[in-house]
Protein chains: 2
Amino acid sequence: MISPLATSIPQNAQPVLCEAELVAVLVSISNNTPHILTLEHGHSFPSGPLMVEHRSLQKGMRNWVEHQTGLKLGHTEQLYTFADPLHGHGHQRVQISYMAFIRQNCDHSLAERSIYDYFPWEDRRDATSCPLLHTIATRLKQWAADNMQLWQRCTTVFGLENHVWNDELSLQRYELLWEAGLVPESSWQNGAHLPGLSMHRDYRRILATALSRMRAKIRYTPAVFDLLPRQFTLLQLQQAMEALAGRAMHKQNFRRLVQQQKLVSRTEEYDSPPQGRPAQLYQFAPETAEHCYLAGAKLPLPAIS
Amino acid sequence: MISPLATSIPQNAQPVLCEAELVAVLVSISNNTPHILTLEHGHSFPSGPLMVEHRSLQKGMRNWVEHQTGLKLGHTEQLYTFADPLHGHGHQRVQISYMAFIRQNCDHSLAERSIYDYFPWEDRRDATSCPLLHTIATRLKQWAADNMQLWQRCTTVFGLENHVWNDELSLQRYELLWEAGLVPESSWQNGAHLPGLSMHRDYRRILATALSRMRAKIRYTPAVFDLLPRQFTLLQLQQAMEALAGRAMHKQNFRRLVQQQKLVSRTEEYDSPPQGRPAQLYQFAPETAEHCYLAGAKLPLPAIS
DNA sequence: CTATATATACTCAATAAGAGCATATATAGC
DNA sequence: GCTATATATGCTCTTATTGAGTATATATAG
C-alpha cells in the first residue's frame, strides 16, 4: 500500500516564488453584440495583483473590479491559469483569469470593444463572414498541405467539408490559426495575417477561452440573464443568445424552448418598438424553472443555415 | 473613450510573491469503480511546486507525475486554482489543480482509493445508497428549517421532492453538506457527520470538482477511452460510463447510442468471460466518429430508475 | 389603406429517446 | 444431452423532442 509517489515527488523542495495576477474579462452586450471592457486601446484587460489581504482569488478579482469601478458583477467564473516564465528574473508569473457578466444599463464611457473585432470569423449570424471563412479554409489547406491528420483537425474545428460548425470551439480555432501562423501573435509569421484586433501577451488566447466558455455556459445555465436588463422581450433574449453563440436561431422554436421550461414569467408591461407590434416584457423566473436549457447540443438554428 | 479603469487599478502596485503548487488528481478505473491515486493514507494528492524551468503549468505537472512515476497521462485538464492565505508569512499559496486519466493496465501497488469512499452518496448505481440519501435529506431539512430558499436549493441539488438527480452537481452537493456542517471539514461542526473519507486542506473539494468535471466531460468528449484498455467490450465501456456517472444505464439504448455515431470499430477478437456469450472487442475510432455523444443531458437510464 | 415590422399561435413531419421483447452463444452442473 | 444461468446482440413500438413552416395579430409610418 505504500505508494512509490510518496518518495518520488519532493514535497520538501524549495518552492519558487512567483507573482500572481488576477485578470478580468468583463462581458456585456450592447448593440446586439457581445463586448468586453479593455485597457490600453483594446490591447489588455483590467487586472491587478493578488494581495495578502485577499481572502480568495475570486474575492480579490471582485475587489479590484467592483470596488474601484462601481461595476456590479453577475455570473462570474474562473477561466484558466497560465504561467509565463520570467527568464532572468528567476521566478514565474502566474495569471489567473476570470470571466464576469455585467448588465448593460450604465452609460459611462468605458472602453468597450466587440468580441468579434478580435475574432471576426466567430460571428456567423449572417453571411457576411463567409468570404473570410473561405479565405481561412484556403490558407489552412495550404498550411496543412498533405498532412491528412492536420487537415482533418482543420475541417472538424472550422466546420469545413460537411462537418458542422461548433460554436464552442473558438479556442481550438484560435489555437489552430496561431499554429498556422495566420495571426500576428504567431512569432514566426511573416506574410499577411487575418483581420482581427490583437492583444498584448496571451490576452487574445484568454479572450478565446472566455468566448468558448460563455457559449458553453449559456446553454445550460441562466447566465444570459445577467447580461440582460431585468425585464426583456423574448426577442431581446433570443438576440442575446444569438450574439453570444454567433449564430442566428429559429424564432418560434426558441420561444417554445424557453416557455416550455417556465424559465421566464410575463410581466404586465410591454415594450414599445419603433415599428411593429409591442412585445410583452418578461423576467427571469428561477422559482418556476426546473432546469435551464436555452439551447441543446445543437442550437435551434434557422432554416437557411 | 478613456476608461476610468485605466487609472483605478494600480497596475504598478507591488505584487505579492506567492508559492505555486501543482496538484494532480489521477483517475483510473479498477473493479468497475473510479479510483484516484493518493498519498498520506488517502488524505492528499500527488503534488509538486512550480519550478523556474517549467515551461508551462501543465508541463510542470506532467513532469512531476510522468517523469517520476512512469505513469502515462491520458486526457488532462486544469480544474481550478485556489489561494490559501498563509497568514503571518506575509504571502499566499496558490494551488493549481489538474485532473488526468490513466489507463488501468499496470499492476504496481499504487495507493488507489475509490472516489466513492469519499462521496458515498454519489454512487447511485444501485439502491444501496438510498438509506444514506434519506439520512442526508432529513439532516438537510433540519438545517434548512424554514428557510424556503435554502431548502429549494437542497431539493434541486440532491434531486429531492420530484426533482431529478443531476450527477454533475457533485461539487454543489459537497458544498451544501459543508455549509450544513455535515462533513468533518466544516470547522464548526460538532455532532455526527456523514460517512465518507476526508482529506487534508481543500483536497476533498478539489476531488468533488474533479468528479463533477469528469462527469461533464465524458458526455461530449471521448475522454473515457483514456481510462479503458485499447480494446474493450461494449459492456466494459458502459460500465466505465456507469462508474463515472454513478448511475446504471439501459444496455440496449446505450449500445445504440455508441454504434450510431461510429464511435467505435469492431476488432476481430473476442473477450472470453467466465460465463456467457463471448463479447466482441471494440476499439475507439476517432476517424469515423463525427462527434462524441456518449450520453446526453439525460443519461440513458434504465427502466427502474 | 398599405407596406412593413414585429409578436404569437398552431401544425406537421422527422428524429431521437425510453422501454421492452426475442434470440444467440457461451459455461457449469446434472 | 439437457437445464439453468449469464452475457451479447438484434429488433420493435411508443412517446418526446426538434426542425421547419403557415397563419394570424398588432403596432407604426406614410
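Chain letters run A, B, ... following the sequence lines, proteins first, then strands; residues in each count from 1.
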**Report entry** side chain to side chain donor-acceptor pair (under 3.5 Å) involving A:Thr33 - partner list, sequence neighbours excluded
**Finding:**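 None.
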Query raised in the report: Donor-acceptor pair, A:Ser212 side chain versus A:Glu168 backbone, under 3.5 Å?
Result: yes
Query raised in the report: B:Phe254 CZ to D:dT7 P: how many Å, rounded?
Result: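 Interatomic distance, CZ of B:Phe254 to P of D:dT7: 17 Å.
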**Report entry** Under 3.5 Å side-chain donor-acceptor pair for B:Tyr282 and B:Glu269
**Finding:** no
Report task. Tell me, please, which residues at least two apart from B:Phe225 pass ring pair (Phe, Tyr, Trp, His ring centres under 6.0 Å). Result ->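 By the ring pair (Phe, Tyr, Trp, His ring centres under 6.0 Å) rule, B:Phe225 matches B:Phe232, B:Phe284.
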Query raised in the report: Is A:Leu235 touching bases, backbone alone, or none of the nucleic acid, heavy atoms closer than 4.0 Å?
Result: sugar-phosphate
**Report entry** Under the side-chain contact (heavy atoms from CB on, under 4.5 Å) test, residues paired with A:Leu197 that sit two or more places apart
**Finding:**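 Partners of A:Leu197 under the side-chain contact (heavy atoms from CB on, under 4.5 Å) test: A:Arg113, A:Asp117, A:Tyr118.
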**Report entry** Listed once per pair and sorted, the side chain to side chain donor-acceptor pair (under 3.5 Å) pairs that draw on residues 234-243 of chain B, sequence neighbours left out
**Finding:** B:Asn32-B:Gln239, B:Gln238-B:Glu242
Report task. Can you tell me which residue pairs pass the salt bridge (charged side-chain N to carboxylate O under 4.0 Å, His left out) test with a partner in residues 153-164 of chain B, sequence neighbours excluded? Result ->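 Every salt bridge (charged side-chain N to carboxylate O under 4.0 Å, His left out) pair that includes a residue of residues 153-164 of chain B, provided the two are not neighbours, is B:Lys141-B:Glu161, B:Arg153-B:Glu179.
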Report task. Please state how far atom CD in B:Gln260 lies from atom C1' in C:dT15, giving the value in whole angstrom units. Result -> 10 Å
Report summary line: Residues at least two apart in sequence or cross-chain that pass ring pair (Phe, Tyr, Trp, His ring centres under 6.0 Å) with A:Tyr80, listed by chain then number, are A:Phe82
Query raised in the report: Does any residue of residues 277-286 of chain A have a heavy atom under 4.0 Å from DNA chain D, and if so, which ones, in number order?
Result: A:Arg277, A:Pro278
**Report entry** With A:Phe101 via ring pair (Phe, Tyr, Trp, His ring centres under 6.0 Å) - residues at least two apart
**Finding:** A:His75
Query raised in the report: Atom CZ of A:Arg219 to atom P of D:dT18: distance rounded to whole Å?
Result: 13 Å
**Report entry** Dot-bracket encoding per residue of DNA chain D, Watson-Crick/G-U cut-off under 3.5 Å, | denoting interstrand
**Finding:** ||||||||||||||||||||||||||||||
What's touching nucleotides 10-13 of chain D from the protein side, N or O pairs under 3.5 Å?
from   : atom 1 : to       : atom 2 : distance (Å)
D:dG10 : O6     : B:Gln252 : NE2    : 3.4

Query raised in the report: Which pairs count as salt bridge (charged side-chain N to carboxylate O under 4.0 Å, His left out) when at least one residue sits in residues 124-138 of chain A, sequence neighbours excluded?
Result: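 Found A:Asp123-A:Arg125.
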Query raised in the report: How long is the line joining CD of B:Gln236 and C1' of D:dA6, in whole Å?
Result: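 The answer, rounded to whole Å, is 16 Å.
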Requested in this report: Quickly work out the A:Lys251 NZ to C:dT8 P distance and round it to whole Å.
Outcome: 9 Å
Query - d(CG, B:Asp271; P, C:dT25) in whole Å - result: 17 Å
Report task. Provide, to the nearest angstrom, the distance between the CE atom belonging to A:Met249 and the P atom belonging to D:dG19. Result -> 11 Å
**Report entry** Listed partners of B:Arg266 passing side chain to side chain donor-acceptor pair (under 3.5 Å), at least two apart
**Finding:** B:Gln280
Query raised in the report: Taking atom C1' of D:dA25 as reference, at what distance in whole Å does atom OH of A:Tyr270 sit?
Result: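 Whole-Å distance recorded here is 12 Å.
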